[in-house]
Amino acid sequence: MLLGAHVSISGSLDKAVDRAVELGCTTFQIFTRNPRGWKAKPLKPQEADAFRRKMEMHGFEVAVAHMPYLPNIASPVSDSFKKSLASLIEEVDRAGRLGLRYLVVHIGSHLGKGLDVGIKRVAEAVNTALSKVENDVVILLENMAGQKNSVGSRFEDIRRILNHIEYEDRVGICFDTCHAFAAGYDLRTREAVYTTLEDFDNIIGLDKLKVVHANDSKGGLGSHIDRHEHIGLGKIGSKGFRELLHHPALRDLPFILETPVDSKGDFSTNLAKLKKLAK
Ligand code: MN
Ligand code: MN
Ligand code: ZN
């Protein structure tokens, strides 16, 4: 199976590949640059080459880029929307040059202007970015936990965004288990997992699902709290993750950990847990 974690690029981009190898990942996710600022240093051809070569050397076929923290492609504020769009364009380009198949994007916040405004903005940003960058990268919209003003915590909202997308083959979904659970989609039992994925299929379509962010949840079902927990130690629990890992629609997808690193564990313990539950 494709099991991995979000690894750091500290030092250099290709060091992320070493970290993924060391952890025993078969896939991984990175920020292509420091995620905390608006500005990124341009990606040098040598950096991209070193990264791609190392990925190939270690046999990684699928790896994922994640957008930095600041952009909000659902923003109704013109200035911040423009900056977010510029950042999206840049990240689609960088992901392509690094040989990353997917770019995960948080759908964002409408900042109080309402879902309709947010949905239009997201679609506009994605369409514009894909019209400006010609490569093989697929943008994955990540379901949200349903925090105040967030866009895309309900499958129906995501469907509405997809209905406005002009590049159908270049857009898919990243399903974050913590966010889904916090948004009110139960994942604790076999029945719950099957019902949630049936809903997903009916509303969005399981063919759109490309990556799973495997995170347990500190918050309860429908709590709208986006706080990740170690696999099996949160409100979803081991049983839920066993069912997720064995579900036929998810079995072949990359599962990427974004779990905490603290006294209770790290990526190594969580990866071991996923591998055990996947057996
Ligand atoms: Mn995310
Ligand atoms: Mn996530
Ligand atoms: Zn989260």
Side-chain angles (χ1 to χ4, degrees), residues 2-9 16 25 27-36 62-74 84 87-88 91-92 95 100-109 122 125-126 137-155 157-158 161 171-185 187 196 200 204 208-231 233-236 240-241 244-245 250 253-262 267 270-271 274:
L2 294 169
L3 302 176
H6 184 108
V7 286
S8 161
I9 57 164
C25 298
T27 183
F28 63 90
Q29 175 176 282
I30 57 165
F31 293 120
T32 76
R33 55 153 181 115
N34 176 352
R36 284 170 221 288
V62 190
V64 180
H66 194 297
M67 279 286 282
Y69 295 126
L70 297 180
N72 173 19
I73 59 169
S84 301
S87 166
L88 181 63
E91 288 302 316
V92 175
L100 300 165
R101 189 180 297 182
Y102 301 118
L103 171 65
V104 173
V105 184
H106 288 183
I107 301 181
S109 168
V122 173
V126 171
V137 175
V138 176
I139 292 181
L140 301 185
L141 302 172
E142 176 173 352
N143 63 306
M144 305 277 287
Q147 313 94 300
K148 190 163 183 261
N149 298 332
S150 69
V151 182
S153 63
R154 307 297 308 169
F155 296 163
D157 307 343
I158 296 174
I161 297 167
V171 179
I173 307 301
C174 168
F175 182 75
D176 187 305
T177 54
C178 165
H179 299 178
F181 188 73
Y185 296 101
L187 298 167
T196 292
F200 188 102
I204 299 173
K208 285 279 159 206
L209 185 49
K210 306 297 182 191
V211 167
V212 176
H213 275 172
N215 302 309
D216 210 328
S217 174
K218 281 198 165 88
L221 179 65
S223 62
H224 304 306
I225 294 169
D226 179 8
R227 288 188 67 200
H228 302 185
E229 183 54 290
H230 299 278
I231 302 296
L233 301 185
K235 296 284 163 56
I236 297 175
F241 280 96
L244 285 159
L245 287 157
L250 307 188
L253 299 183
F255 276 67
I256 309 251
L257 292 160
E258 299 176 320
T259 41
V261 174
D262 58 26
F267 285 132
N270 281 293
L271 197 62
L274 281 189

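Remember, it's 1-based here, ligands and their atoms both numbered in the order they're listed. Below, each value reflects all heavy atoms present in this structure, side chains not excepted, and no hydrogens, waters or symmetry copies.
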Using modelled atom types only, decide if a donor and an acceptor are shared between the side chain of [X] and the backbone of [Y] within a distance under 3.5 Å.
X: His228; Y: Asn215; value: no
X: Thr196; Y: Leu187; value: no
X: Arg33; Y: Glu91; value: no
X: Asn143; Y: Asp176; value: yes

Looking at Asp226, which of its N, O or S atoms is the nearest one to the Zn ion (ligand 3)? OD1

With the Zn ion (ligand 3) as the reference point, give the N/O/S atom of His179 that is nearest. NE2

Do the rings of Phe200 and Phe155 sit parallel, tilted or perpendicular, given the 30° and 60° boundaries?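 Ring orientation, 0 to 90° scale: perpendicular.
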
Could you check whether the rings of His6 and His66 sit parallel, tilted or perpendicular, using 30° and 60° as the cut-offs?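 His6 and His66: perpendicular rings.
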
Rounded to the nearest 10°, what angle sits at the Mn ion (ligand 1) between NE2 of His106 and NE2 of His66? 100°

I'd like the atom name of the N/O/S atom in [X] lying closest to the Mn ion (ligand 2).
X: Glu258; value: OE1
X: Asp176; value: OD2
X: Glu142; value: OE2
X: His213; value: ND1

Any N/O/S atom of His179 sitting less than 2.8 Å from the Mn ion (ligand 2), backbone or side chain?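 It does not: His179 brings no N, O or S atom closer than 2.8 Å to the Mn ion (ligand 2).
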
side-chain contact (heavy atoms from CB on, under 4.5 Å) partners of Leu233, counting only residues at least two apart: Glu229, His230, Lys264

Under 2.8 Å from the Zn ion (ligand 3) - does any N, O or S atom of His213 fall there?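 So His213 does not count as coordinating the Zn ion (ligand 3).
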
